[in-house]
Amino acid sequence: MTDTALNALPAISVRSAGKIFSVARGAEVQALTGIDLTVAPGEFVSLIGPSGCGKSTLLRLIADLDSATSGEILVFGKTARQARLDQEYGIAFQSAGLLPWRSVQANIELPLELHGVGKAERAARAEELIELVGLSDFRTRYPDQLSGGMQQRVAIARSLAERPKLLLMDEPFGALDEMTRERMQQELVRICSETGAAVVFVTHSIPEAVFLSDRVVVMSPRPGRIVDIVSVNLGPGTERSDALRENAAFFAGVTAVREALHGSPVAPLGADLR
Amino acid sequence: MTMTRGADRTKSRASAVLWGVLGIVVLAVLWEGYKAVGPVAGVELFGTSILPKTDDRSMPHLVDMLTRAIEPVNTSAGSPPVWVAVIGAALNSLGVAAVGWAVGSVVGFLIALLMQRLHVAERAVLPWLILSQTVPLIALAPVIVAWGGKIQIGAFSWDRWMSVAVIASYLAFFPVAVGALRGLQSPDAIHVELMRTYNAGWFRTLLKLRLPASVPYLLPALRLGAASAIVGTVVAEVSTGYKGGIGRMIIEFAQSGTSDPAKAYAPIAGAVVLGLVSAAIVALIGLSLKRFNRQEAAS
């Protein structure tokens with residue numbers, strides 16, 4: 001398949017997908033129902049919602065770590081399973097999930113190593129990525145010698161190792177402190193717009209979702225479904241900086257997502273944020 | 001930080017040696033102390049002996065044990081000193097135990113691999129493993145010697161030391177099988193799923209994830225297996241009638257106990273040292289795998 005044909009296809013296309021988990025004694029839990037979602041190539045989409053709304057489950061269905069009970073999930077026009085077999089996406093989880101006996105460089109090289117990439121090429125790619133995530137001085141360190149934020153950067157570098165056109169991220173900054181988190185968000189938004197990858201990003205945080213995304217998908221639990229999709233018009237990722245966090249358009253986005261989450265306009269407290 | 005950590009380690013190693021020496025001193029003081037104050041006929045309660053006799057035949061002085069160890073084994077000309085004979089016998093046993101340990105470790109690891117691969121196998125095999133360790137060695141020895149005696153393939157014929165090695169491996173495989181299984185199952189779900197997203201099959205996942213992750217569990221298991229192999233060898237030497245090892249020597253010297261009580265303690269000490277040496281050898285192997293002992297810091 002040529003690049004132009006690939007670009008014509010949506011990165012992700014989910015059609016009326018549902019997921020039912022069977023739990024003990026034949027009881028069933030409807031985790032997701034009637035999910036319709038299309039993600040364009042290079043688009044950054046966040047999934048947000050309260051615990052139990054199925055946002056992580058949706059991500060796992062796209063990653064083919066679970067399979068949908070009904071509906072259809074296509075990744076670059078292929079079934080989710082075929083997309084996984086073809087290594088169409090990179091993934092990062094809430095915990096970095098680095099292998100403790102491998103150095104930073106060796107961790108980033110892991111997917112390349114598994115797919116038979118030569119040693120010199122692996123090292124060159126790892127070097128690029130280490131620079132991209134700003135860990136040049138830590139190339140030979142081991143995960144237990146890194147802070148949580150640094151570990152997560154390594155995990156992000158690893159997810160980018162094979163130049164995927166799609167990144168799946170399940171609350172990757174969930175365990176970080178607020179300051180590290182904001183810095184990581186800014187770096188992620190820069191990295192993603194530089195690599196041109198589409199991103200599906202699961203989060204609990206409204207400001208995080210608004211800061212990062214082109215569109216925010218708002219979900220609701222019991223059963224998990226999409227209640228609204230909020231478009232955030234904050235310009236391309238390369239132009240998103242810390243200053244944006246104090247910008248009126250940013251606040252407008254936060255308010256829109258919050259209202260979608262609560263299902264009705266929230267009366268402003270005190271000062272009007274416009 | 002590295003400096004203080006290094007200093008701490010030297011300090012803790014020094015204190016470990018100190019405690020070890022102290023333990024030996026306490027044992028020696030207890031032995032000689034009881035011998036000095038205890039009644040010669042021992043202590044009996046309702047006809048049952050609860051404390052040993054303290055005469056020189058039952059409890060020789062430590063000095064006598066040490067001096068006896070440097071004297072010749074017997075009065076015949078050219079007889080080597082006891083300690084030399086003990087070292088020879090200990091090395092003989094160490095060789096047999098090493099074969100048993102190696103065989104047992106390989107078998108144990110393969111069983112663990114099978115149990116990891118097939119859940120059915122884990123449920124079917126694990127109870128048998130536990131059951132296997134309840135069979136008394138003494139009952140097993142004659143069977144293995146008898147079966148071994150029937151094996152004759154070309155120039156190869158079953159030797160008695162092989163029976164001893166088989167019994168040693170029978171004890172050694174168990175901790176290795178259990179430890180390796182725990183180790184192979186130790187990777188987090190997130191790591192297993194990551195390998196799945198890389199489309200890595202069972203063997204790749206084994207090589208890149210499960211094997212390295214099993215090292216922290218495998219090393220203590222191998223150490224335990226080594227100690228078990230030594231115990232198995234010593235006991236099996238006696239019950240199979242294999243000559244030349246330390247187990248046999250303990251029995252032989254103990255039989256001369258009435259006339260030469262101090263002599264029997266040298267091979268016993270030799271067997272203890274043998275166990276320590278074998279554990280140390282395995283620990284040295286572990287040093288080369290040190291980097292797999294790293295744990296992931298909580299993020």
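Since this is a predicted model, take the numbers as computed values, not measurements. So that the names make sense, note that chain A is the first sequence line, chain B the second, and so on, each numbered from 1.
A 6.0 Å sphere centred on CZ of R182(B) holds no more than 12 heavy atoms belonging to other residues, nucleotides or ligands. Summarising the local packing, CD of E131(A) is surrounded by 12 or fewer heavy atoms from other residues, nucleotides or ligands at distances under 6.0 Å.
In terms of modelled atom types and a separation under 3.5 Å, the side chain of H191(B) and the main chain of L98(A) share a donor-acceptor contact.
When all heavy atoms of M195(B) and L114(A) are compared, the closest pair comes out as CE-CD1, 3.8 Å.
Within the 4.5 Å cutoff, side-chain heavy atoms of I190(B) are placed close to those of S95(A). Counting heavy atoms from C-beta on, the side chains of R204(B) and E113(A) never come closer than 4.5 Å.
The distance from the OG1 atom of T197(B) to the CZ atom of R84(A) is 8.0 Å, given to the nearest 0.5 Å. Distance check: Y198(B) OH to L112(A) CG gives 9.0 Å after rounding to the nearest 0.5 Å. Atom CZ of R196(B) and atom CG of L65(A) lie 6.0 Å apart (nearest 0.5 Å). Distance check, rounded to the nearest 0.5 Å: CD of E193(B) to CG of D170(A) gives 9.5 Å. Between F93(A) atom CZ and L194(B) atom CG the span is 6.0 Å, to the nearest 0.5 Å.
Neither the backbone nor the side chain of D86(A) comes within contact range of chain B; no heavy atoms are under 4.5 Å apart. Looking at L209(B), the atoms closer than 4.5 Å to chain A (heavy atoms on both sides) sit in the backbone and in the side chain alike. Only the side chain of L110(A) comes within less than 4.5 Å of a heavy atom in chain B; its backbone stays farther off.
The aromatic rings of F292(B) and W101(A) are tilted relative to each other, their planes meeting at an angle between 30° and 60°.
Interface remark: of the candidates M150(A), R102(A), H115(A), H115(A) forms the most heavy-atom pairs closer than 4.5 Å to chain B.
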